Structures are given as structure tokens and as C-alpha cells.
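In what follows, a single structure is set out as C-alpha cells and then discussed.
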Amino acid sequence: MKDLIFVNSHPIQYFAPLYKYMNEKGMKVQAWYCSDESVKGVKDSEFGVEVKWDIPLLEGYEYLFFTNHSWKPSLFNGFFGLMNFGIVKKLFKQPKSVIVVHGWHYFSHLLILLLARLKGHIVCIRSDMSYNQELLKSGWKQKIKRAGLKYFVFPRINYFLYIGTQNRLFYKSYGIAEARLLSCPYSVDNNRFRNESKKLKLSAADIRQRMGVPVDGKIILCTAKYIDKKRPLDLLQAFSQLHDVNCWLIMVGEGELRKEMEEFIKTNKLKQVILTGFVNQSAIAEYYAITDVFVMCSSVGENWGLSVNEAMNFDLPVIVSDLTGCSDDLVKDGVNGYVFKTGKVDELAAKLKLVLGNKLSWDTSSERIIDEYSYSSLIENISPVIK
């Protein structure tokens, strides 16, 4: 069995548990990291606060950090923010392996994609680009990007690990053959969240009381940064149309739009809205456990939306914008929730009324759907490549 090496910008709270799980299942997994900012703690430019995840990011698998030689070293500083020349030296010393690179958006990642096959490695890419979002882009930069990917990058890749429907369509738009496409769905630690769900059901009333929400109050939850691409004001506007005295909106996150959101809440006298600020991974399950419906109303840039996966492990109905990358895959319209047109506040409000009014007929639960988007599914699909 070949070594399986993941090239990431930094340790990511959704990916680290996957690497540990794969190792436990007998796969020889390594992670090569270009930055340690998420481990040391750094001010997240979108959250606007220092973020240091409180779940283990470096346990249960082998990993290496490489010195960043960028003149502006940070994963928040764009393409040239990560320039790790040592990773190339390691690449050429490494015995033949399967190299999975997460995207091409950093200098170091692009170097690996261009050079790895020269050493005989099997090269895979796992990006999250959505085709429907790609169609909205134009201009000379977009033309250069497409030409570069089609003629210089993609010919050097053996397999394209698509995360969902829109990502697969993105690769197909470049003429990638079916034999080079492998389904490796974006997933979270389903077992962890499922166990949290069972445990917290017993204390849901206490959690509500602590948060100041009545036991019989209906709760709408959104977990997202308060930034433009997440469109938090759309949800506030939709909530203001409900006029439901027994309904609460909890928005878990932080970001530059907080003042604008607070002003909207004040102007419209919305008394049943809670802006929590940043909530870390160890505490996020409490919010899902007391929620009645989960909402994600993002626009271009939300290439998947792993918070939807998390919510579905709590068997929640979900309402998701059509430009959120997972909407084609995780939301079965009228079954476990609804998809609405991004930016259409009236449509979002109508969907909220449908779900909160218990007018949905549940044929399939969110839990059953999300079972197909698991670590084990990913392992099953990638296993033939590493044998």
C-alpha cells in the first residue's frame, strides 16, 4: 500500500479528524502543512478575532510543517502567502506515493501539482470549486486561469477527487474523462457529532434556559462568519418577515458586518435575535442540539458549506441557498428541507414558514442522507488508487 500524503495550507478542523480516522483504518497517511497559524492561533481576517481551534488538530497521524519563505507569510495573504521550497525537496526524496493537493490557490500547492509526477508520484487534486459559481465569473483573469488549468495544470494530474455534484461539473467543463474522476465527498466527523447529538438531547432544556430561549420557543440557527459572502443580512431580513413571537434566531459567528447587523436588529426592533460571537468546535454542538431549522444563505465563494453536514448529523431540516456548493447533494427539496434562490429574501422567509409550521412531510431524514457523506465513503472510493 502506497503512502497517502495530503498537502494542505494548514491544519484544518474538518480534515484532521479524517486523517486520524484513515490511519486507524490501516492507511499510511501523512499531512504536509505550509503554515502552522491554525495551531498557534492567529487573527482570522474574516472572523476579525484570534482563532485557535480547541479540538486536536495534530493527533493520530504523521505530519510535517515546512518553513514559509514568503515575503508576506500568511495563509490569509493570497497566492504568494505560502512559499515553502522545502516541500519540493521533500517531494523528490519521498518514495512513490499518492499525493493529494487541496487546490492550486497557493504558490506551494501549484509547485507540487506541476512537479510531483516528475518523481513518479500519483497526483490527485481535491479542490472545492463549484461549476454554477464558475459560470458567474468573467474577465481576463478568469480566461487566464482557465487556460492555465486546462493546458498546464490538469494534464499533470492523475485523478480528480470531486467533493460533490457542482465540483464534478466543474471538472467536466474542462473535459476531464470519467476514468480520472473519483467521488471523495466533503464530510465531517459524523460519529463525533452523532454522539454529541444523543448526549445533548437530554440537556436541551437546560441549554435553552442558559441561552435565554424558552423551552417551547422555535429556533432558527445559522453558523457563519458575519461577512458579505455569507449574506447574514438576508437571514435577518427574512426573520423580520416572520412576525412570530415564539421564534428565535441564533447567529453563531463573528465578522466585519456585526455593526450593520446590530443596526438592522435595533432599527427593526428584533428582540429575539442572538449574535453569539465566535464559538469554538467543542461548544458548537450545543447550538445544533436545541435548533429547529438550520439555514445557510451564502453566495459565491461558499463552495460547499460543511456546517450543513454538521447540522444534518443532528437530524435538522436545512434551508440552503442555491449557490451554496452542497445544495445539489445534501438538500432533498421538500424532504429534509429546501433550496432557495440566493439573495431572494422573500423566498427564504416563505421556506422558513413552511418548515417552522410543520408542513413538511418527512420521507427521509437528514441523518440518513448525511450517512452517504462520511469518512468511510471517502476511504472506500480512494482505496483503489493507493493499492
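Here the structure is a predicted model, which is why all the values come from computation and not from measurement.
- With sequence neighbours excluded, no residue forms a ring-ring contact (aromatic ring centres under 6.0 Å, His included) with Y159.
- Applying the side chain to side chain contact (heavy atoms under 4.5 Å, CB included) criterion to F80, with sequence neighbours excluded, gives W71, K72, M83, F107.
- Residue pairs meeting the salt bridge (charged side-chain N to carboxylate O under 4.0 Å, His left out) criterion with at least one member in residues 155-181, sequence neighbours excluded: R168-E178, K172-E178.
- By the ring-ring contact (aromatic ring centres under 6.0 Å, His included) test, Y287 is found to be paired with no residue, residues two or more places apart in sequence or in another chain being considered.
- Residues passing the ring-ring contact (aromatic ring centres under 6.0 Å, His included) test with F170 are Y174, sequence neighbours excluded.
- By the side chain to side chain contact (heavy atoms under 4.5 Å, CB included) test, H69 is found to be paired with T67, F85, residues two or more places apart in sequence or in another chain being considered.
- Annotation: cation-pi pair K119/F92 absent, no NZ/CZ under 6.0 Å from the ring centroid and within 45° of its normal.
- Partners of F66 according to the ring-ring contact (aromatic ring centres under 6.0 Å, His included) rule, which considers only residues two or more places apart in sequence or in another chain, are W32.
- Under the side chain to side chain contact (heavy atoms under 4.5 Å, CB included) criterion, E62 pairs with Q30, not counting sequence neighbours.
- Between C34 and S108, the shortest heavy-atom distance links the atoms SG-CB, 3.9 Å.
- Note: Y19 and F6 meet the aromatic proximity criterion, with ring centroids under 6.0 Å apart.
- Partners of S127 by side chain to side chain contact (heavy atoms under 4.5 Å, CB included), not counting sequence neighbours, listed by chain and number: W104, M129, N167, Y171.
- Sorted by first and then second residue, the salt bridge (charged side-chain N to carboxylate O under 4.0 Å, His left out) pairs involving residues 287-299 (not counting sequence neighbours) are R208-D292.
- By the salt bridge (charged side-chain N to carboxylate O under 4.0 Å, His left out) test, E134 pairs with K137, K145, R146, sequence neighbours left out.
- Using a 3.5 Å distance cut-off with no hydrogens or angles, the side chains of R192 and Q281 do pair a donor with an acceptor.
- Partners of D3 under the salt bridge (charged side-chain N to carboxylate O under 4.0 Å, His left out) rule, at least two apart in sequence or in another chain, are K28.
- A side-chain donor-acceptor contact under 3.5 Å links S377 and S374.
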